[in-house]
Amino acid sequence: MEFDTALRTTEFDAFYTFNPARLMRATRDFVEAFPGSVLYAVKANPLPQVISSVRAAGVAGFDVASIAEALLVQAEAPGARSWFMNPAKSRRDIERAWRELGLRDFVVDCAAELDKLLEVLPTGEPSLRIHVRFHSGASDALYDLNNKFGASHEETLRLLQRIAAQTAWSSGLAFHPGSQTISIEPYLTAMQTAARLIERADARVASLDIGGGFPARYDNMPMPPPAALLQRLGEFVASCATLKRVELLCEPGRVLAYDCMSLFARVILRKDRALYCGAGIFGGLLPAQQFFQLPVRAWRGGEPIDDATAGGQREFVVFGPTCDSNDRLAFPYALPDHLREGDWIEFQHVGAYSESVRCAFNGFSVDHLVTLDAHEAG
């Protein structure tokens with residue numbers, strides 16, 4: 001479907017736009033700036049078009065958390081390598097990942113998970129690499145992931161020693177400071193910890209995966225470009241003899257994908273300062289109920305509404321179309337004062353954790369995607 005057609009339709013009240021050129025540009029820039037191998041975190045946006053685009057833009061492989069994600073990568077990026085970096089896996093999925101899908105990279109953060117790998121995987125297979133995920137310490141991330149996963153430092157050393165003593169596998173370390181990590185300091189602190197663990201370990205550590213969590217830009221979070229953070233990270237690695245000896249990996253998702261999609265939601269009702277539109281927190285705008293204020297733009301008659309001639313703006317409370325009272329965006333949004341039923345609100349920066357977490361609650365679903373060409377992408 002063409003973009004103009006979607007804006008003029010009466011058949012649905014919400015649709016996505018996808019800008020592959022923007023996604024590929026962000027991915028290339030990140031890959032060039034990171035001093036190691038970049039894996040795309042499929043959970044951020046699992047659309048087939050996204051998988052194929054980031055691969056074409058140079059990612060080294062994919063961070064997957066499930067068999068379904070691994071199968072998606074296999075279908076959309078044949079021959080690409082996947083890392084199974086979920087620390088809690090069923091024996092069934094471990095077996096299938098190894099036997100059927102050919103995955104060689106796994107992660108653990110406790111003895112019980114390592115026991116499963118030792119029972120399911122061939123211990124004499126040197127192509128397997130097991131990363132031990134350790135607790136990365138204090139972080140300024142909006143979503144702290146260390147309260148679910150991460151071994152203590154002493155447990156990390158014990159797990160590394162067991163892998164070396166009981167198998168022919170190679171070992172790595174891993175951490176994750178959390179999603180939307182605001183500064184580079186939590187990465188540097190955890191990398192210093194990793195260097196100390198490598199020096200203390202009885203086993204050789206071949207790689208370090210520093211996770212994802214690199215921050216994206218939202219209206220209430222004007223983050224610096226990733227290059228500024230990655231430059232400091234590269235300088236730290238260059239100054240650390242221990243880390244220069246290991247393969248460095250990372251798993252970005254949000255920072256690559258956030259700016260490649262918009263969600264257009266039609267205004268279906270206006271009640272004074274309240275707008276009810278065709279998509280809400282269940283239909284792709286969950287991030288806007290949490291920490292993020294999305295950039296917005298209003299459209300009418302197939303064109304953006306020029307704020308300079310729109311008769312001024314006012315702040316609106318924005319609701320989704322469902323009957324749930326929680327279907328309300330967390331922040332008020334400044335939009336043209338004369339916005340009315342039938343106009344569109346474009347919610348930008350929804351390329352990450354929108355498509356991947358939406359559902360069809362109450363029967364409302366965003367099922368249409370328009371891929372923009374170079375002319376439409378402006």
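No experiment lies behind these values; they were computed from the predicted model shown.
Salt bridge absent: Asp343 and Arg270 never bring a charged side-chain N and a carboxylate O closer than 4.0 Å. We find that Glu113 and Lys89 are joined by a salt bridge, their nearest charged nitrogen and carboxylate oxygen being less than 4.0 Å apart. Looking at Glu355 and Arg358, a side-chain N of the basic residue comes within less than 4.0 Å of a carboxylate O on the acidic one, giving a salt bridge. A salt bridge does not link Lys148 to Asp109: none of the charged nitrogens lies less than 4.0 Å from a carboxylate oxygen. Note on Lys116 versus Glu95: no salt bridge recorded, every NZ/NE/NH1/NH2 to OD/OE distance being 4.0 Å or above. Salt-bridge check for Asp259 with Arg22: passed, with a basic side-chain N closer than 4.0 Å to an acidic carboxylate O. Remark: Asp115 does not engage Arg91 in a salt bridge, criterion side-chain N to carboxylate O under 4.0 Å. With respect to Arg232 and Glu185, a salt bridge is recorded, a charged nitrogen being found less than 4.0 Å from a carboxylate O. Classification of Asp13 and Arg266 as a salt-bridged pair holds, one side-chain N sitting under 4.0 Å from a carboxylate O.
The number of heavy-atom neighbours closer than 6.0 Å to CD of Glu247, taken from other residues, nucleotides and ligands shown, is above 12.
For the pair Tyr353 (side chain) and Lys43 (backbone), a donor-acceptor distance under 3.5 Å is absent. Checked by atom type and distance alone, the side chain of Thr167 never pairs as donor or acceptor with a backbone atom of Thr123 at under 3.5 Å. Judged by distance alone, the side chain of Glu346 and the main-chain N or O of Ala265 form no donor-acceptor pair under 3.5 Å. Asn146 places a side-chain N or O within donor-acceptor distance of the main-chain N or O of Ser136, the cut-off being under 3.5 Å. Without hydrogens or angle criteria, Thr181 side chain to Gly178 main chain gives a donor-acceptor distance under 3.5 Å. Judged purely by atom type and a 3.5 angstrom limit, Asn86 uses its side chain to pair as donor or acceptor with the backbone of Ala65. Side-chain atoms of His176 come within 3.5 Å of backbone N or O of Gly212 as a donor-acceptor pair. The closest donor-acceptor contact from the side chain of Trp169 to the backbone of Pro122 lies under 3.5 Å.
Note: Phe12 and His368 have parallel aromatic rings, judged against thresholds of 30 and 60 degrees for the angle between ring planes. Ring planes of Phe106 and Phe84: tilted class, angle from 30 to 60°. The aromatic rings of Phe134 and His153 sit perpendicular, their planes meeting at an angle over 60°, well past the 30° parallel limit. In this pair, Tyr218 and Phe292 present their aromatic rings parallel. The plane angle is below 30°, not in the 30 to 60° band.
There is a side-chain donor-acceptor pair under 3.5 Å between Arg254 and Ser179. Checked by atom type, the side-chain pair Thr322/Asp327 shows a donor-acceptor distance below 3.5 Å. At a cut-off of 3.5 Å, with distance as the only test, no side-chain donor of Thr9 or Glu11 sits close to an acceptor on the other residue. Donor-acceptor pairing under 3.5 Å is recorded for the side chains of Glu199 and Thr242. For the residue pair Ser207 / His131, a side-chain donor-acceptor distance below 3.5 Å is found, with atom types taken as modelled. Between the side chains of Asp367 and Ser365, at least one donor N or O lies within less than 3.5 Å of an accepting N or O. Residues Tyr143 and Gln290 have side chains that bring a donor and an acceptor to within less than 3.5 angstrom of each other. Between the side chains of Asn45 and Ser356, no donor-acceptor pair of N or O atoms lies under 3.5 Å.
Taking the six-membered ring for Trp and the full ring otherwise, the centers of Phe264 and Phe347 sit at least 6.0 Å from each other.
The heavy-atom pair separating Met24 from Ala57 by the smallest distance is O-CB, 3.7 Å. Nearest heavy-atom pair across Leu339 and Ala298 is CD1-CB, 3.7 Å.
Put simply, the residue from Asn220, Asp219, Val318, Leu294 that forms a side-chain contact (heavy atoms from CB on, under 4.5 Å) with Phe331 is Asn220. Among Leu208, Asp209, Thr193, the single residue meeting the side-chain contact (heavy atoms from CB on, under 4.5 Å) criterion with Phe175 is Leu208.
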